[in-house]
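Everything numeric in this text was worked out from a predicted model, so none of it was measured.
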Amino acid sequence: MNIIKRVSVKRVLTEASKEKLQQEFETRKARLDEECQQLSFEKRKIEVKQNISREEVAKRFNREIDKRKEKIRWLEYQLEQLEILPLGSEIEDGEVESIVDLKVGDTWDEQMNQGAIIVQDGKVIRIDK
């Protein structure tokens, strides 16, 4: 019987991958900052209109801005951690699904053990079972 299990993908931190991650984090951070500015602009624009509750508008927009600011703080934390990590470290990079051939007599724990795919600079260098 074939079943599907989740397998984690880990990235080995190299100089190139570290630089790429930093750029990705900075790009996401800039996009979120831009969204915050746009939301602030939209909030001021809507508050000028007469027949709406300014408090409700402010609360709703501030909630959205706060969500984005929290994401920015998380990205800043990730950037700090990236600076600390030594080259060669393995970092989580998501999950994929894998098909496992399960037979009567197989040890369940061994078959379902999380395993991992290790990638370095875009190439699979190891598959842990």
Side-chain angles (χ1 to χ4, degrees):
M1 168 186 271
N2 291 329
I3 60 171
I4 298 173
K5 76 172 187 173
R6 311 236 358 119
V7 177
S8 64
V9 178
K10 296 180 182 182
R11 185 186 310 192
V12 175
L13 196 61
T14 63
E15 197 62 49
S17 64
K18 188 174 189 176
E19 189 174 307
K20 184 178 176 187
L21 274 174
Q22 284 174 326
Q23 289 174 349
E24 288 174 12
F25 290 158
E26 291 293 342
T27 301
R28 280 195 272 173
K29 191 172 138 185
R31 190 176 326 115
L32 287 167
D33 191 44
E34 214 172 88
E35 288 177 17
C36 285
Q37 291 174 11
Q38 183 65 31
L39 285 168
S40 293
F41 174 76
E42 291 293 328
K43 179 177 90 170
R44 286 191 299 275
K45 192 169 128 181
I46 291 174
E47 284 177 337
V48 173
K49 293 185 179 180
Q50 297 287 335
N51 47 348
I52 54 171
S53 168
R54 290 181 185 180
E55 291 175 9
E56 186 61 35
V57 168
K59 188 169 31 170
R60 205 160 105 217
F61 274 93
N62 288 338
R63 194 174 330 126
E64 289 300 317
I65 291 169
D66 288 344
K67 284 180 188 176
R68 284 158 179 81
K69 285 184 178 180
E70 182 61 35
K71 289 178 183 178
I72 289 172
R73 283 191 290 276
W74 173 246
L75 286 169
E76 288 171 346
Y77 173 75
Q78 287 180 307
L79 280 165
E80 289 172 11
Q81 295 304 306
L82 190 59
E83 285 297 318
I84 295 170
L85 281 174
L87 296 179
S89 299
E90 293 179 2
I91 55 176
E92 290 290 327
D93 197 28
E95 286 186 334
V96 295
E97 291 180 343
S98 171
I99 296 175
V100 176
D101 185 28
L102 195 62
K103 298 179 222 68
V104 174
D106 285 345
T107 307
W108 178 258
D109 290 336
E110 284 179 23
Q111 292 296 324
M112 296 311 291
N113 189 8
Q114 264 300 79
I117 299 169
I118 314 301
V119 179
Q120 181 175 341
D121 294 330
K123 295 183 181 176
V124 175
I125 60 169
R126 191 173 80 234
I127 299 175
D128 296 340
K129 297 273 178 172

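- The CZ atom of F61 lies 11.0 Å from the CZ atom of F41; values are rounded to the nearest 0.5 Å.
- Closest approach of L39 and I65 over heavy atoms only: CB-CG1, 3.7 Å.
- L32 and W74 end up in different hydrophobic clusters when Ile, Leu, Val, Met, Phe, Trp and Tyr side chains are linked at under 4.5 Å.
- Every residue two or more places apart in sequence or in another chain that forms a salt bridge (Lys or Arg N to Asp or Glu O under 4.0 Å) with E35 is listed here: R68.
- We find that R73 and E70 are joined by a salt bridge, their nearest charged nitrogen and carboxylate oxygen being less than 4.0 Å apart.
- Residues L82 and L13 are in side-chain contact: their nearest non-hydrogen atoms beyond the backbone lie under 4.5 Å apart.
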Query - side-chain contact (heavy atoms from CB on, under 4.5 Å) between E83 and Q22, worked out - result: CA-CA 9 Å; E83 285 297 318; Q22 284 174 326; 2.3 Å; yes
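- The closest side-chain donor-acceptor pair between E42 and Q38 falls under 3.5 angstrom.
- Cluster annotation: V7 and V119 are assigned to the same hydrophobic cluster (Ile/Leu/Val/Met/Phe/Trp/Tyr, side-chain heavy-atom contacts under 4.5 Å, transitive).
- Atom CD1 of I99 has 12 or fewer heavy atoms from other residues, nucleotides or ligands within 6.0 Å.
- Side-chain heavy atoms closer than 4.5 Å link hydrophobic residues (I, L, V, M, F, W, Y) into clusters, and following such links, even through other members, never connects W108 to I4.
- Between R11 and L21 the shortest side-chain heavy-atom distance falls below 4.5 Å.
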Query raised in the report: For L85 and K18, what are the C-alpha separation, side-chain angles and deciding distance, and is it a side-chain contact (heavy atoms from CB on, under 4.5 Å)?
Result: CA-CA 9 Å; L85 281 174; K18 188 174 189 176; 5.8 Å; no
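- Taking every heavy atom of both residues into account, S8 and G115 meet most closely at OG-O, 3.6 Å.
- Contact record, D121 with A16: OD1-CB, 4.0 Å, taken as the closest heavy-atom pair.
- Residues V124 and V9 share a single hydrophobic cluster, defined by chaining ILVMFWY side chains whose heavy atoms lie under 4.5 Å apart.
- Within a 6.0 Å sphere centred on CD of E64, other residues, nucleotides and ligands contribute more than 12 heavy atoms.
- Taken from CD1 in I84 to CG in L79, the straight-line distance is 11.5 Å, to the nearest 0.5 Å.
- Considering every non-hydrogen atom in both I72 and K29, the closest pair reads CG2-CG, 4.0 Å.
- Closest non-hydrogen pair, K43 versus A58, comes out as CD-CA, 4.0 Å.
- You'll find the side chain of E97 reaches within 4.5 Å of the side chain of R6, heavy atoms only.
- Within a 6.0 Å radius of CD in E55, no more than 12 heavy atoms belonging to other residues, nucleotides or ligands are found.
- D66 CG to C36 SG: the interatomic distance, rounded to the nearest 0.5 Å, is 8.5 Å.
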Report task. Would you check, one step at a time, whether the test side-chain contact (heavy atoms from CB on, under 4.5 Å) holds for Q78 with L75? Result -> CA-CA 5 Å; Q78 287 180 307; L75 286 169; 3.5 Å; yes
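- Within the 4.5 Å cutoff, side-chain heavy atoms of I117 are placed close to those of V96.
- Note that the CG atom of L87 and the OG1 atom of T14 stand 7.5 Å from one another [nearest 0.5 Å].
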